[in-house]
Engineer: 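For reference, the structure I am asking about is given below.
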Amino acid sequence: EFPPEKTHTIDYSQMPTPEQVMLLIKSRRSNRTLTSRPVPKEMLDKIVEAAHSAPTATNSQSLSFTVVTDPQKLRQVSDYTIGVFDSLAKDPILRKATALLLIHTPKSNRFGSEDANLAYQNASLMAQSLGVSQIYMGFVLTAIRHEGKDTLAKTLGIDGKIQAIMALGIPAFKYPKYTDRKEIVKN
């Protein structure tokens, strides 16, 4: 499983410092004010590569990724979600995102949700480092679970279970500061 041509030496001197990682983590926000400018393909590719590099249970590596940038398909995702939750008809579901990253696994993957969330975390950190806004699409995932028919997966040509969804867009502004979180409660 680990042939020499696929095994690479890690240069730990190139790693970000713990302080740089903490700054990246603390600066993360769900900036929902997006421009209409598309996220460049190179940035989308780096975000998917970061997600793909996440660890998976039993090293199954059975995650798949679908990037949606077609405005018509983005609208279909929004309409689908609103259709499942009629009371949300006025809520801008995708927040003007110009891309979606759907992380999915075979239905048989018993650790699919956990693996997808690890991949999401990597993709989110990469997006933050690239200056791309990322928004967790909880409403869309809840609609998928609530409906229970795999309609959205079929609409997008996905064979498997959608486990996580990230909306991506170019932010209209950048936060100049971050605020400390509440104190950590230790038991």
Engineer: Contact between Thr69 and Thr98 at the side-chain level, heavy atoms closer than 4.5 Å - yes or no?
Structural biologist: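 No. Closest side-chain heavy atoms not under 4.5 Å.
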
Engineer: How far does OG of Ser27 sit from NZ of Lys174, to the nearest 0.5 angstrom?
Structural biologist: 10.0 Å

Engineer: Write down the atom of Leu34, the atom of Ser133, and the distance for their closest heavy-atom approach.
Structural biologist: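 Heavy atoms only, the tightest pair is CD2-CB, 3.4 Å.
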
Engineer: Out of Ile165, Leu141, Val77, Val140, which residue meets the side chain to side chain contact (heavy atoms under 4.5 Å, CB included) rule with Leu102?
Structural biologist: Ile165

Engineer: Working to the nearest 0.5 angstrom, can you tell me the gap between Gln134 CD and Ile47 CD1?
Structural biologist: 7.5 Å

Engineer: Is Asp115 reaching over with its side chain to a backbone N or O of Ala57, donor-acceptor style, under 3.5 angstrom?
Structural biologist: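 Judged by distance alone, yes, a pair lies under 3.5 Å.
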
Engineer: Side chains of Gln163 and Tyr120: donor-acceptor distance under 3.5 Å anywhere?
Structural biologist: no

Engineer: Start with the C-alpha gap between Lys96 and Ser36, add the side-chain angles, then the distance that decides, and say whether side chain to side chain contact (heavy atoms under 4.5 Å, CB included) holds.
Structural biologist: CA-CA 7 Å; Lys96 298 182 183 178; Ser36 59; over 6 Å; no

Engineer: Using salt bridge (charged side-chain N to carboxylate O under 4.0 Å, His left out) as the criterion, list what pairs up with Asp45, not counting sequence neighbours.
Structural biologist: Lys41

Engineer: Work out which heavy atom in Leu94 is nearest to a heavy atom in Leu74; give both atom names and the distance.
Structural biologist: CD1-O, 3.1 Å

Engineer: Got a sec, which hydrophobics cluster with Leu118, joining ILVMFWY side chains under 4.5 Å apart, including via others?
Structural biologist: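 In the cluster with Leu118 there is nothing else; it is isolated.
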
Engineer: Under the side chain to side chain contact (heavy atoms under 4.5 Å, CB included) criterion, do Leu63 and Phe65 qualify, and how do the steps go?
Structural biologist: CA-CA 7 Å; Leu63 293 168; Phe65 306 93; 3.9 Å; yes

Engineer: Within this structure, what is the OG-CE distance for the pair Ser129 and Met43, rounded to the nearest 0.5 Å?
Structural biologist: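 It is 9.0 Å, given to the nearest 0.5 Å.
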
Engineer: Can Ile25 and Leu125 be said to form a side chain to side chain contact (heavy atoms under 4.5 Å, CB included), step by step?
Structural biologist: CA-CA 7 Å; Ile25 290 167; Leu125 288 170; 4.2 Å; yes

Engineer: So does Ile170 get a backbone contact from the side chain of Thr35, meaning a donor-acceptor N/O pair under 3.5 Å?
Structural biologist: yes

Engineer: With no hydrogens and no angle check, just 3.5 Å: does a side-chain donor-acceptor pair link Thr151 and Glu147?
Structural biologist: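 A pair is found: one side chain offers a donor N or O, the other an acceptor, under 3.5 Å apart.
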
Engineer: If you round to the nearest 0.5 Å, how far is NZ of Lys73 from OG of Ser78?
Structural biologist: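 Separation between the atoms: 16.0 Å.
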
Engineer: For Ala167 and Ala97, which heavy atoms make the closest approach, and how far apart are they?
Structural biologist: CB-CB, 3.7 Å

Engineer: Do the side chains of Ile103 and Leu101 get nearer than 4.5 Å, heavy atoms only?
Structural biologist: yes

Engineer: Could you give the distance from OG (Ser113) to CD1 (Ile162), rounded to the nearest 0.5 Å?
Structural biologist: 13.0 Å

Engineer: Looking at NZ of Lys46 and CG of Leu130, how far apart are the two atoms once the value is rounded to the nearest 0.5 Å?
Structural biologist: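 Spacing of NZ (Lys46) from CG (Leu130) equals 6.0 Å.
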
Engineer: Do the side chains of Ile135 and Met166 get nearer than 4.5 Å, heavy atoms only?
Structural biologist: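 Side-chain contact under 4.5 Å: no.
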
Engineer: Will you find, in the side chains of Asn109 and Ser62, an N or O donor that is under 3.5 Å from an N or O acceptor?
Structural biologist: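 A donor-acceptor contact under 3.5 Å links the two side chains.
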
Engineer: Counting only heavy atoms not in Gln20, do more than 12 fall under 6.0 Å of its CD?
Structural biologist: yes

Engineer: Around Asp70, counting heavy atoms of other residues, nucleotides and ligands shown, do more than 12 lie under 6.0 Å from its CG?
Structural biologist: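 Yes, the 6.0 Å shell around CG holds more than 12 heavy atoms from other groups.
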
Engineer: So, applying side chain to side chain contact (heavy atoms under 4.5 Å, CB included) with Tyr80, which one of Leu152, Thr155, Leu156 is it?
Structural biologist: Leu152

Engineer: I'd like to know if the side chain of Asn117 and the backbone of Ala164 have a donor-acceptor N/O pair within less than 3.5 Å.
Structural biologist: no

Engineer: Just checking, any donor-acceptor pair under 3.5 angstrom between side chains of Gln61 and Thr56?
Structural biologist: no

Engineer: Do the side chains of Lys161 and Asp150 get close enough for a salt bridge, i.e. N-O under 4.0 angstrom?
Structural biologist: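 Looking at Lys161 and Asp150, the cut-off is not met.
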
Engineer: Residues two or more places apart in sequence or in another chain: which of them pass side-chain hydrogen bond (donor to acceptor under 3.5 Å, both in side chains) with Arg32?
Structural biologist: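 Counting only residues at least two positions away or on another chain, Arg32 forms no side-chain hydrogen bond (donor to acceptor under 3.5 Å, both in side chains).
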
Engineer: Is a side-chain donor or acceptor of Asn122 paired with a backbone partner of Ala51 at a separation under 3.5 angstrom?
Structural biologist: no

Engineer: When you look at Ile93 and Asp79, which way does the side chain to side chain contact (heavy atoms under 4.5 Å, CB included) test go after all the steps?
Structural biologist: CA-CA 9 Å; Ile93 298 299; Asp79 290 347; over 6 Å; no

